[in-house]
Amino acid sequence: MEKVLFDATFKAACPLRTCQQEPLFGGRGSIRISSQSCYCRGRGSFTRFSCTAARTSKQEMDLFGRTELLLGNDSSRINGTYSSALTGESYVLYAHDDEYEGVVVDPERLPSNAISFASSIRLSLSYWKSKGRKGVWLKLPLDRSELVPIAVKEGFKYHHAEEEYVMMTYWIPNGPCLLPANASHSVGVGGFVINNKNEVLVVQEKHHSPAFAGVWKLPTGFINESEEIYAGAIREVKEETGIDTEFIEVIAFRHAHRVAFQKSDLFFICMLRPLSTVIEVDDQEIQAAKWMPLTEFVEQPLIRGDNMFKQIIDICIARLRKRYCGLSTHQVISKFDGKSSSLYYNIIDGQNCNLGDMLE
């Protein structure tokens with residue numbers, strides 16, 4: 001016996017109280033409907049049948065319009081999307097294939113209640129395993145958070161979370177999980193802004209550790225999602241000080257590990273040219289901001305006593321004296337993805353640095 005889920009558009013073919021035991025189609029692709037377990041559920045949204053089914057061709061399935069069948073290997077998947085076919089109160093969750101032999105569950109078509117979800121997720125895992133699928137991606141929206149402990153109980157792991165959802169994964173094969181891990185890095189930027197008076201734009205933050213009390217520092221912050229490094233530096237300087245700037249180069253970057261939330265951290269120091277002079281402090285995050293003589297900035301005890309800070313400032317000064325070349329940004333399009341990307345590299349005397357010259 002097989003279970004078949006028909007759309008409500010087929011309702012007229014099977015009245016509520018009677019079902020004829022006649023084939024719906026002739027020939028080898030026939031389906032016989034059993035009157036013993038035919039009934040309608042809830043406002044005519046769909047009709048559920050028990051039936052005995054032979055092999056069903058795609059052409060016959062198309063006669064139902066939006067009908068979805070789970071009838072074995074030949075008709076359980078259409079256009080890369082797994083059907084949602086009832087088996088008692090359970091059904092294989094709607095999902096589509098990814099390019100790595102895995103499946104991505106449709107978060108908009110999850111079961112309406114936790115009990116149905118619990119039985120359906122077990123059935124789905126068994127079905128996907130039989131199909132040779134590997135990884136399962138399950139995105140649970142915030143308003144379906146009651147399903148999270150059920151997924152955990154079935155063996156799903158947390159992958160990452162955003163404000164509106166949590167992403168969970170399940171690795172079906174035996175052996176190590178080969179699904180890509182969650183993002184491992186945060187990315188920050190700092191703006192080294194110096195004017196024609198040899199003054200550096202500096203700030204004092206409202207919230208800081210005791211070690212930074214009274215210290216004047218460069219404007220810094222995190223870049224936003226889908227934001228370029230240079231654009232993030234310009235934005236952070238503008239937000240904290242009100243100063244408009246133009247990007248010149250990435251002077252250096254720091255790579256540290258086990259920082260916030262035990263993640264690694266990339267921090268890019270960008271040299272910026274000021275386009276305005278009047279400071280407007282962001283009083284939510286910044287205690288004060290000013291233009292500070294470079295010599296005075298360098299003489300601060302924290303700058304002089306910290307090897308990393310001192311090295312960063314030494315590099316910035318070397319750039320001002322044209323004894324160092326940072327990384328400028330260039331927009332390039334790759335055939336790999338067909339998208340425009342920022343490639344950061346330096347140019348010496350207007351020419352790309354030649355590998356042969358480096359080896360001489």
So does Pro293 get a backbone contact from the side chain of Lys197, meaning a donor-acceptor N/O pair under 3.5 Å? no
I'd like to know if the side chain of Ser116 and the backbone of Asn113 have a donor-acceptor N/O pair within less than 3.5 Å. no
Do His160 and Tyr165 have their ring centres less than 6.0 Å from each other? yes
Heavy-atom neighbours of Lys206 NZ exceed 12 at 6.0 Å: yes
Filter on side-chain hydrogen bond (donor to acceptor under 3.5 Å, both in side chains), then keep only pairs touching residues 309-327, sequence neighbours left out; what's left? Glu249-Arg319, Lys310-Asp314
Hey, is the main chain of Leu123 close enough, under 3.5 Å, to the side chain of Ser126 for a donor-acceptor pair? no
Any carboxylate oxygen within less than 4.0 angstrom of a Lys/Arg side-chain nitrogen, looking at Glu236 and Lys238? no
Verdict with supporting geometry, Glu285 and Glu240, side chain to side chain contact (heavy atoms under 4.5 Å, CB included): CA-CA 7 Å; Glu285 297 183 5; Glu240 294 188 359; 4.1 Å; yes
Above 12 or not: heavy atoms from other molecules or residues under 6.0 Å from CD of Gln331? yes
Is a side-chain donor or acceptor of Trp137 paired with a backbone partner of Met167 at a separation under 3.5 angstrom? no
Gap between atom OH of Tyr94 and atom CD of Glu108 - 0.5 Å precision: 13.5 Å
Carboxylate-amine/guanidinium proximity below 4.0 Å for Glu101 and Arg133: no
Shared-cluster residues of Ile223, by chain and number - hydrophobic side chains joined below 4.5 Å: Val187, Val189, Val193, Leu201, Val203, Ile229, Tyr230, Ile234, Val237, Ile243, Phe247, Val250, Phe253, Leu266, Phe268, Leu272, Ile279, Val281, Ile286, Trp291, Leu327, Tyr344
Does Val92 offer a backbone N or O that forms a donor-acceptor pair with the side chain of Ser120 under 3.5 Å? no
Ignoring hydrogens and angles, write down the donor-acceptor pairs under 3.5 Å from the side chains of residues 212-222, residues two or more places apart or on other chains.
| unit_1 | atom_1 | unit_2 | atom_2 | d |
| --- | --- | --- | --- | --- |
| Lys217 | NZ | Glu205 | OE2 | 3.2 |
| Lys217 | NZ | Thr220 | OG1 | 3.0 |

Apply side chain to side chain contact (heavy atoms under 4.5 Å, CB included) to Asp106 and Leu93, showing your working. CA-CA 8 Å; Asp106 186 346; Leu93 299 176; over 6 Å; no
Could you tell me whether the side chains of His257 and Ser264 share a donor-acceptor contact shorter than 3.5 Å? yes
